[in-house]
Each structure stands twice: as structure tokens, then as C-alpha cells.
Amino acid sequence: NVAAPNSVHNTCVFCCFEAGDTVTNLHIALDRYKDQVAHLLGMKWRQYTIKLFMCGDYEFLSRMYGLSGASGCYPCLYCLAHHQNLVTPLSVRGQAPPRTFETIHADHQHYVTSGVDKKHAQHFYNCITEPIFNIPISQVSINEFAKNSFV
């Protein structure tokens, strides 16, 4: 731990490109790092376990994790709440089942075996592509503006 973890002196940018963050562009820019990211996940440095975090706005994170985005029936990156239920306060609707890296993979596999038709993505919790990296959902941070739009 350091005093200023977000300081430019304590942050490592490993990829920067000038293009839109479409799924195709993200794959072009990031697929070459999959093995390195997988290697770093859970690696030990001295007595510390390395944790990688995925941060960004909602649109970027949806694409990174293979979700169809805000217009989908299941837009939340953290849970499997239907979009109609998200307008109801949590205290009234109750906690929805969590979305995990494992559920994303399983739902995407079911989507693929069903024929990859985006019109039916809601039957697979809107998991339309594989996540780019295997960083767990518990290590994802949506910027505050995007997060507040779903609370």
C-alpha cells in the first residue's frame, strides 16, 4: 500500500490507443496482453498477492465483460436484476443474484450454443461475447457517474 495509489508515480499504463472503444478495437488493442494478465492474477510479490482491478465507465466495462450494454434487459455488471426492477429501491425489490465471472462464461456459452441471435440476448443475461480478461467482477470499479445511474 502507498500513500497516493492513483498518483502517476504509482500507476502503470500498459496500453493507450486513439480509437473508439468498440469491441473490435478493444480486442485489437488488448488481446496481446491476455497471457500476461492471466499470469499476474494471483501472483505473489514478496508476501503480497497481486490483485488487478478493472476500472472505467459503464460502456467500456460492459464491452470488456461481454455484456450488450445499458439497453439490455440485464444491464447491471454486478447482479442479474432485470432493468425494470432496477428502478425499484433495493430495500423493496431485494437483492438480485450476483453476476460473476463464472456466470458470464456460462451464460455466454449458452448464448453461443443457441445460435448467437442478439434479439434473444436477454435469455442469456445479455452475455453476448467472452470477457477480454479474467479479472473478477469483485475487482471492477465503475466511475461514480455511471454507478449512480443504476442506484
Side-chain angles (χ1 to χ4, degrees), residues 5-6 11-17 19-45 48-151:
N6 295 326
T11 303
C12 177
V13 175
F14 67 88
C15 181
C16 187
F17 69 100
D21 58 355
T22 65
V23 173
T24 301
N25 285 344
L26 289 172
H27 278 285
I28 290 168
L30 299 174
D31 278 352
R32 70 188 85 193
Y33 300 110
K34 281 186 174 188
D35 291 339
Q36 291 90 337
V37 168
H39 178 72
L40 285 171
L41 286 169
M43 181 183 225
K44 294 276 189 188
W45 178 74
Y48 303 102
T49 301
I50 294 175
K51 280 191 173 185
L52 300 179
F53 292 86
M54 182 65 66
C55 304
D57 64 16
Y58 174 76
E59 185 177 6
F60 169 77
L61 291 170
S62 290
R63 290 178 179 151
M64 290 296 293
Y65 283 86
L67 305 182
S68 60
S71 63
C73 288
Y74 297 91
C76 185
L77 186 62
Y78 298 104
C79 74
L80 298 175
H82 192 276
H83 71 93
Q84 292 173 337
N85 294 337
L86 290 174
V87 297
T88 305
L90 181 60
S91 60
V92 175
R93 66 177 151 95
Q95 187 72 39
R99 188 185 298 268
T100 65
F101 201 72
E102 292 75 24
T103 63
I104 290 173
H105 278 291
D107 292 331
H108 177 257
Q109 287 306 313
H110 290 119
Y111 175 71
V112 169
T113 58
S114 77
V116 189
D117 185 352
K118 284 190 181 180
K119 291 184 288 187
H120 301 292
Q122 72 271 12
H123 300 298
F124 309 98
Y125 296 102
N126 296 94
C127 299
I128 59 172
T129 63
E130 281 288 329
I132 294 178
F133 295 133
N134 291 336
I135 298 173
I137 301 287
S138 60
Q139 293 166 215
V140 171
S141 178
I142 298 176
N143 72 32
E144 287 302 312
F145 176 76
K147 192 186 309 181
N148 288 335
S149 67
F150 286 104
V151 175

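- Counted within 6.0 Å of NZ on Lys34, heavy atoms from surrounding residues, nucleotides or ligands total more than 12; the atom is thus considered enclosed.
- Between Tyr78 and Ile137, the closest side-chain pair of non-hydrogen atoms falls below 4.5 Å.
- Rounded to the nearest 0.5 Å, atoms OG1 (Thr129) and CE (Met64) are 10.0 Å apart.
- Side-chain contact check for Arg93 versus His82: every heavy-atom pair is 4.5 Å or farther apart.
- Phe133 CZ to Leu52 CG: the interatomic distance, rounded to the nearest 0.5 Å, is 9.5 Å.
- Annotation: the span from Tyr125 atom OH to Cys76 atom SG amounts to 13.0 Å, rounded to 0.5 Å.
- Applying the side chain to side chain contact (heavy atoms under 4.5 Å, CB included) criterion to Val92, with sequence neighbours excluded, gives Thr88, Pro89.
- For Thr103, the side chain to side chain contact (heavy atoms under 4.5 Å, CB included) criterion is met by Arg99, Thr100, Asp107, not counting sequence neighbours.
- Residue-environment remark: NE2 (His123) exceeds the threshold of 12 foreign heavy atoms within 6.0 Å.
- Residues Ile104 and Tyr65 approach most closely at CG2-O, 3.5 Å, considering heavy atoms.
- Side chains of His105 and Pro131 form a contact here, defined as non-hydrogen atoms less than 4.5 Å apart.
- Counting heavy atoms from C-beta on, the side chains of Asn25 and Ile28 come closer than 4.5 Å.
- Take Asp117 and apply the side chain to side chain contact (heavy atoms under 4.5 Å, CB included) test, not counting sequence neighbours, and it matches Lys119, His120.
- For the pair Asn126 (side chain) and Cys73 (backbone), a donor-acceptor distance under 3.5 Å is present.
- Looking at Ile50 and Leu41, their side chains never come closer than 4.5 Å, going by heavy atoms from C-beta outward.
- Considering only heavy atoms from C-beta on, Ile128 comes within 4.5 Å of Tyr111 through its side chain.
- Here the two rings, on Phe124 and His108, have centers that are 6.0 Å apart or farther.
- In this structure, Met54 and Gln139 have side chains that are not in contact, with every pair of non-hydrogen atoms separated by 4.5 Å or more.
- Put simply, CG on Leu26 and CD1 on Ile132 are 4.5 Å apart, with the number rounded to the nearest 0.5 Å.
- A distance of 11.0 Å separates CD of Gln109 from OG of Ser114, quoted to the nearest 0.5 Å.
- Counting all heavy atoms, side chain and backbone alike, Arg63 lies closest to Asp21 at NH1-O, 2.8 Å.
- Contact of the Cys79 side chain with the Pro98 side chain is not registered, since no non-hydrogen atoms from C-beta on lie closer than 4.5 Å.
- Closest of all the heavy-atom pairs between Pro75 and Gly69 is CB-O, 3.8 Å.
- Nearest heavy atoms, Ile135 versus Phe101: O-CD1, 3.9 Å.
- When every heavy atom of Leu86 is checked against every heavy atom of Ala81, the shortest pair comes out as CD2-CB, 3.7 Å.
- Pairing each heavy atom of Gln84 with each of Val87, the nearest pair is O-CG2, 3.2 Å.
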